[in-house]
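Quick caveat: nothing in here was measured; it's all calculated off a predicted structure.
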Amino acid sequence: MLKLVEVVPRRLRAAIWLGAGEGLRLGEVLGMEAGSRCADYEHGELHVVQQLRHSAEHFGGFYLSPPKSGSAGTVDLDAVVAEELTAHLRDVGPVEFELPDITTGERLTRPVAVLFTSARGKLLTDTYWSELRADWRQAAGWPKEGTFHSLRHFFATTLMSNGVEPQEVQKALRHANLRITLETYVHWLPKKDRPRGLVGSLLRQADGKSSERPTGQDQS
């Protein structure tokens with residue numbers, strides 16, 4: 001991941017950190033805007049409330065919609081990711097657009113200070129991102145099948161392999177239920193050796209204690 005950060009242009013570097021350090025999907029990253037709506041630095045919270053989408057048929061271009069599968073939520077804002085976002089705001093800055101917003105279920109148009117744009121200050125589609133990624137992947141020595149979603153997998157597997165409880169990983173990934181998390185990442189859980197004969201030993205101890213108890217006749 002760090003090799004990828006080295007080759008990505010400065011204006012998009014924090015986007016990589018959001019993928020690898022927070023597990024955000026690409027659309028959620030491209031929909032990030034400046035302000036407390038998306039990031040609360042004081043309380044260390046990241047609000048995943050929208051994603052940037054593009055549809056020439058329905059909205060005539062870019063618009064904001066809720067995250068995939070209703071996975072909106074608030075997650076912990078990693079301190080390192082917060083530093084990268086702060087540096088991005090200072091060194092690069094957002095670009096403001098008037099965008100349709102349907103995150104509440106109703107359509108409205110509002111000014112949105114988008115964090116990540118092209119070199120010309122244009123909004124990014126996932127297709128254009130993929131074209132850019134091809135050059136970055138080669139420069140960083142990433143496998144050909146590596147995508148932005150690979151960063152989300154990196155985030156999840158790092159948590160699981162370091163002993164974070166599956167329920168906490170589910171919360172961080174904003175999965176609808178624990179089954180999805182386990183089906184995808186259970187093989188990354190650290191293996192713990194179960195002592196041989198554990199259950200039998202405990203049962204034997206319980207049986208021994210039961211045998212030592214005086215009977216009703218002995219007590220009289």
**Q** Would Leu99 and Thr109 count as a side-chain contact (heavy atoms from CB on, under 4.5 Å) here? Give the steps.
**A** CA-CA 5 Å; Leu99 290 176; Thr109 298; 6.0 Å; no
**Q** Specify the closest pair of heavy atoms between Val169 and Leu159, including all atoms of both residues, with the distance to one decimal.
**A** CG2-CB, 3.9 Å
**Q** With hydrophobic residues grouped by side-chain heavy-atom distances under 4.5 Å, do Tyr128 and Phe59 end up in a single group?
**A** no
**Q** Can you see which heavy atom on Phe155 is nearest to which on Gly19, and at what distance?
**A** CB-O, 4.0 Å
**Q** Can you sort out the partners of His187 under side chain to side chain donor-acceptor pair (under 3.5 Å), two or more places apart, ordered by chain and number?
**A** none
**Q** Hydrophobic cluster membership, with links at side-chain heavy-atom distances under 4.5 Å among I/L/V/M/F/W/Y: are Leu26 and Trp136 in one?
**A** yes
**Q** Say whether, by atom type as modelled, one donor and one acceptor occur between the side chain of Asp135 and the main chain of Gln138 under 3.5 angstrom.
**A** no
**Q** When rounded to the nearest 0.5 angstrom, what distance separates OG1 in Thr181 from CE in Met160?
**A** 7.5 Å
**Q** Report yes or no: do Leu123 and Val49 belong to one cluster of Ile/Leu/Val/Met/Phe/Trp/Tyr joined by side chain heavy-atom distances under 4.5 Å?
**A** no
**Q** Leu89 vs Tyr41, test: side-chain contact (heavy atoms from CB on, under 4.5 Å). Steps then yes/no.
**A** CA-CA 13 Å; Leu89 289 169; Tyr41 298 96; 3.7 Å; yes
**Q** Would you say that Phe97 contacts Thr117 through its side chain, given a criterion of any heavy-atom pair below 4.5 Å between the two side chains?
**A** yes
**Q** Could you go through residues 143-154 and list every donor-acceptor pair under 3.5 Å that involves a side-chain atom there, pairing it with any protein atom two or more places apart or in another chain?
**A**
from, atom 1, to, atom 2, distance (Å)
Thr147, OG1, His149, N, 3.2
Ser150, OG, Thr147, N, 3.0
Ser150, OG, Thr147, O, 3.2
Arg152, NH1, Gly23, O, 2.5
Arg152, NH2, Leu173, O, 2.8
His153, ND1, Tyr185, OH, 2.5

**Q** If I compare all heavy atoms of Glu22 with all of Leu46, which pair ends up nearest, and what's the gap?
**A** CG-CD2, 3.8 Å
**Q** About how many Å separate NZ of Lys171 and CD of Glu165, when rounded to the nearest 0.5 Å?
**A** 13.5 Å
**Q** Are the side chains of Leu115 and Leu85 in contact, using a 4.5 Å heavy-atom criterion?
**A** yes
**Q** When rounded to the nearest 0.5 angstrom, what is the spacing between CZ in Arg13 and CG in Leu18?
**A** 13.5 Å
**Q** Would you please test Thr125 and Trp129 for side-chain contact (heavy atoms from CB on, under 4.5 Å) and show each step?
**A** CA-CA 6 Å; Thr125 64; Trp129 180 279; over 6 Å; no
**Q** If you count every heavy atom of other residues, nucleotides or ligands that lies below 6.0 Å from Glu183 atom CD, does the total exceed 12?
**A** yes
**Q** Look at Arg37 together with Asp101 and state whether they make a salt bridge at an N to O cut-off of under 4.0 Å.
**A** yes
**Q** What pair of heavy atoms forms the shortest contact from Gly31 to Cys38, and how long is it?
**A** O-SG, 4.5 Å
**Q** Should Leu12 and Leu52 be regarded as members of a common hydrophobic cluster, given that ILVMFWY residues are connected when their side-chain heavy atoms come within less than 4.5 Å of each other, either directly or indirectly?
**A** yes
**Q** Looking at CH2 of Trp17 and NE2 of His88, how far apart are the two atoms once the value is rounded to the nearest 0.5 Å?
**A** 15.0 Å
**Q** According to side chain to side chain contact (heavy atoms under 4.5 Å, CB included), who are the partners of Ala87, at least two apart in sequence or on a separate chain?
**A** Arg10, Arg90, Asp91
**Q** Considering all heavy atoms of both residues, which atom of Leu189 and which atom of Pro166 are nearest to each other, and what is their separation?
**A** CD2-CG, 4.1 Å
**Q** Grab the two heavy atoms, one from Val29 and one from Phe116, that are nearest each other, plus how far apart they are.
**A** O-CD1, 3.5 Å
**Q** Could you tell me whether the side chain of Gln51 reaches within less than 4.5 Å of the side chain of Met32, counting heavy atoms only?
**A** no
**Q** Between Val114 and Leu124, is any pair of side-chain heavy atoms under 4.5 Å apart?
**A** no
**Q** Output a table of donor-acceptor pairs, distance under 3.5 Å, between side-chain atoms of residues 61-79 and any protein atom two or more places apart or on a different chain; print 'none' if there are none.
**A**
from, atom 1, to, atom 2, distance (Å)
Ser71, OG, Arg25, NH1, 3.0
Ser71, OG, Lys68, O, 2.6
Thr74, OG1, His47, ND1, 3.0
Asp78, OD1, Val80, N, 2.8
Asp78, OD1, Val81, N, 3.4

**Q** Between Glu33 and Arg110, is there a salt bridge with N-O shorter than 4.0 Å?
**A** yes
**Q** Under 3.5 Å, is there a donor-acceptor pair between the side chain of Ser36 and the main chain of Asp40?
**A** no
**Q** Please list, chain by chain and in numerical order, all residues satisfying salt bridge (charged side-chain N to carboxylate O under 4.0 Å, His left out) with Glu98, sequence neighbours excluded.
**A** none
**Q** Restricting to side chain to side chain donor-acceptor pair (under 3.5 Å), what partner residues turn up for His54, sequence neighbours left out?
**A** none
**Q** Do Trp142 and Leu132 share a hydrophobic cluster, counting only Ile, Leu, Val, Met, Phe, Trp and Tyr and linking them when any side-chain heavy atoms are less than 4.5 Å apart?
**A** yes
